[in-house]
There are 2 protein chains.
Amino acid sequence: MRYTPEHKDKTRQRLLDAGGAIAKKDGFGTTGVDSLMASVGLTSGAFYAHFRSKGALLEAIVDNELGRSIEVFGQQSHERMLQTLDNYLSLAHVEHPELGCALPCLSPEIARAGEHTRQVFEQRLLQLLEAMRPHTGDDSKTWSIVSQVVGAVMLARAMDNKDCRQALLQAVKQQIMLLLPATGPAASVRSDSSRASPPAHKE
Amino acid sequence: MRYTPEHKDKTRQRLLDAGGAIAKKDGFGTTGVDSLMASVGLTSGAFYAHFRSKGALLEAIVDNELGRSIEVFGQQSHERMLQTLDNYLSLAHVEHPELGCALPCLSPEIARAGEHTRQVFEQRLLQLLEAMRPHTGDDSKTWSIVSQVVGAVMLARAMDNKDCRQALLQAVKQQIMLLLPATGPAASVRSDSSRASPPAHKE
DNA sequence: GTCTATAGGTAGATAGAC
DNA sequence: GTCTATCTACCTATAGAC
């Protein structure tokens, strides 16, 4: 064969990353297979050597994107987790969905997808819950924080005015700081999110 | 003329209601003008007598849907507001997006829409904030609650298992009850959302 | 105001050459 | 594995009859 299996794996991964970025920015349903393939320098005919259908790509993107989000929230100090939350609730994250978390972008489309895609989503979301629990104390608080940051970023993106967006983000940030246990030495409320901060992941 | 202006207004309103329901259930971008018009018993050619473009319809749907949400949250007793929150975080609401709030369904599509559509959205969302403030005390708590319930319903819909969905909803409900001032006599935590409860609005 | 018909474009998916 | 070409279906929007 002219192409190695390693090459196929690399192409598939590039498709997941580039496709995920496009889906987060422009929506998955409204983006054609042609555009997705063009983003990795290929044509639409080659798509079906990697995925059985467009829906199968969405499923793989969900798995890939949320897998990365779990890595970001797990395995880090309390202070770094606070920093991650601060970045999540930043204007930079709101303005650059293609670099950020998939949850505020793709959840409604996943909700309309098939049963198996929703099962993959659910499994990943429960893993995210586990990864965050050590930092929050209990499941109830964790679900509250996750719902809150996802909802806030999504609503901020649908707004138009920068100050309104910032007001929402700062308000939610404040409430979450009140919710978190003050265990670490860095548990004080920081609100200087005006500095240049990278989005939630993909550093 | 063969049709009265009243008839046109009625047709337009039917289009907003039926179109809003379809958009919340199936997504706006992925639904064709043909389907939208068929839902009110007309054909696609007649659409452009009511809206300049499909994007103009989204803008009108946003205004119509959020206007109704504001009515639901404003002008009611503290106890009725708690009931509304309970309905919002119910499985019934999660399972019937077409009857519920537009925020967890359409926000990502609004975020990708034009500036003017986002301005309409922003104005309505700020009105919702005002309507809820008397029940919550301050803006920060209100933003927190709104972000939380919207995020929770959206994430629950993207899950597959009913118990997982319910666990998320109940967790968020619990945290919100801790957040609300215990002013009214009905400020105790109720968790019996298993009863048949109508979704957030459209009773 | 609503219809049918249609323009002009793009969608997801397949076939066969290389 | 990737290409080009193509099928069938659907999309938004317009034109003209009623």
Side-chain angles (χ1 to χ4, degrees), chain A residues 1-20 22-62 106 108-110 112-114 116-117, chain B residues 1-20 22-62 106 108-110 112-114 116-117:
Chain A
M1 54 181 69
R2 294 170 51 200
Y3 296 88
T4 66
E6 292 78 28
H7 175 257
K8 179 164 183 180
D9 286 349
K10 286 225 170 194
T11 301
R12 183 193 152 94
Q13 189 58 46
R14 281 197 304 141
L15 202 42
L16 288 182
D17 291 336
I22 294 182
K24 287 185 288 184
K25 182 170 183 289
D26 301 327
F28 181 77
T30 49
T31 301
V33 173
D34 243 318
S35 309
L36 291 165
M37 294 305 283
S39 73
V40 293
L42 299 178
T43 56
S44 69
F47 176 83
Y48 297 90
H50 297 277
F51 298 98
R52 276 177 52 253
S53 69
K54 203 191 168 194
L57 172 61
L58 176 59
E59 198 167 296
I61 285 177
V62 168
L106 300 181
E109 297 196 77
I110 297 165
R112 295 189 291 266
H116 195 254
T117 301
Chain B
M1 56 180 67
R2 292 171 52 200
Y3 296 88
T4 65
E6 292 77 28
H7 176 257
K8 179 166 184 179
D9 286 349
K10 286 226 170 196
T11 302
R12 183 192 152 95
Q13 189 59 45
R14 281 197 306 142
L15 203 41
L16 287 182
D17 291 337
I22 294 182
K24 288 186 288 184
K25 182 170 183 290
D26 302 327
F28 182 77
T30 49
T31 302
V33 173
D34 241 318
S35 308
L36 291 166
M37 294 305 284
S39 73
V40 293
L42 299 179
T43 57
S44 70
F47 176 83
Y48 298 89
H50 297 277
F51 298 98
R52 274 178 54 254
S53 69
K54 202 191 167 194
L57 172 62
L58 176 59
E59 199 167 295
I61 285 178
V62 168
L106 300 180
E109 296 196 77
I110 297 165
R112 295 190 290 268
H116 196 254
T117 301

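Lettering of chains follows the sequences in order, A, B, ..., and the numbering in each one begins at 1.
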Between C:dG1, C:dC3, D:dG1, which nucleotide has the shortest distance from any of its atoms to the side chain of B:Ala46?
C:dC3
Run the side-chain hydrogen bond (donor to acceptor under 3.5 Å, both in side chains) test against A:Glu109 and tell me which residues pass, sequence neighbours left out.
none
Output the rounded distance in Å from CD (B:Glu6) to P (C:dG1).
11 Å
Interatomic distance, A:Arg12 CZ vs D:dT2 P [rounded to whole Å]:
13 Å
Name all residues meeting the side-chain contact (heavy atoms from CB on, under 4.5 Å) criterion together with B:Ala49; count only those two or more places apart in sequence or in a different chain, and write none if there are none.
none
Can you check the A:Tyr3 OH to D:dG1 C1' distance for me, whole Å?
5 Å
Find the distance A:Met37:CE to C:dG12:P and express it as a whole number of Å.
12 Å
What's the closest nucleotide to the side chain of A:Thr43 if the choices are D:dT4, C:dG1, D:dG1?
D:dT4
Separation of A:Leu36 atom CG from C:dG12 atom P, in whole Å?
8 Å
Quick one: list whatever passes side-chain hydrogen bond (donor to acceptor under 3.5 Å, both in side chains) with A:His7, sequence neighbours left out.
none
Can you name the nearest heavy-atom pair linking A:His50 to A:Arg12, along with the distance?
O-NH1, 3.9 Å
At less than 4.0 Å, is any side-chain N or O atom of B:Thr11 found next to OP1 or OP2 of C:dT2? Yes or no.
yes
Roughly, in whole Å, what's the span from CZ in A:Arg14 to P in D:dT2?
8 Å
Please set out all donor-acceptor pairs under 3.5 angstrom arising from side-chain atoms of residues 33-48 of chain B, sequence neighbours excluded.
{"residue": "B:Ser39", "atom": "OG", "partner": "B:Leu36", "partner atom": "O", "Å": "2.6"}

Double-helix bend of the helix from C:dG1-D:dC18 to C:dC18-D:dG1, axes at both ends from 5 pairs, round to 10°, gives 0°
Determine whether more than 12 heavy atoms belonging to other residues, nucleotides or ligands lie under 6.0 Å from atom NZ of A:Lys54.
yes
I'd like to know if the side chain of A:Gln13 pairs up with that of A:Asp9 as donor and acceptor (distance under 3.5 Å, no hydrogens or angles considered).
no
I need the CG-P distance between A:Leu42 and D:dT2, as an integer number of Å.
5 Å
Counting primed atoms plus P, OP1 and OP2 as sugar-phosphate and everything else as base, spell out the protein contacts along nucleotides 8-13 of chain D at 4.0 Å heavy-atom distance: B, S or - for each nucleotide, 5' to 3'.
---SSB
Is there a donor-acceptor contact under 3.5 Å from the side chain of B:Thr31 to the main chain of B:Gly27?
yes
Can you measure A:Lys8 atom NZ to D:dG1 atom P for me and round it to whole angstrom units?
4 Å
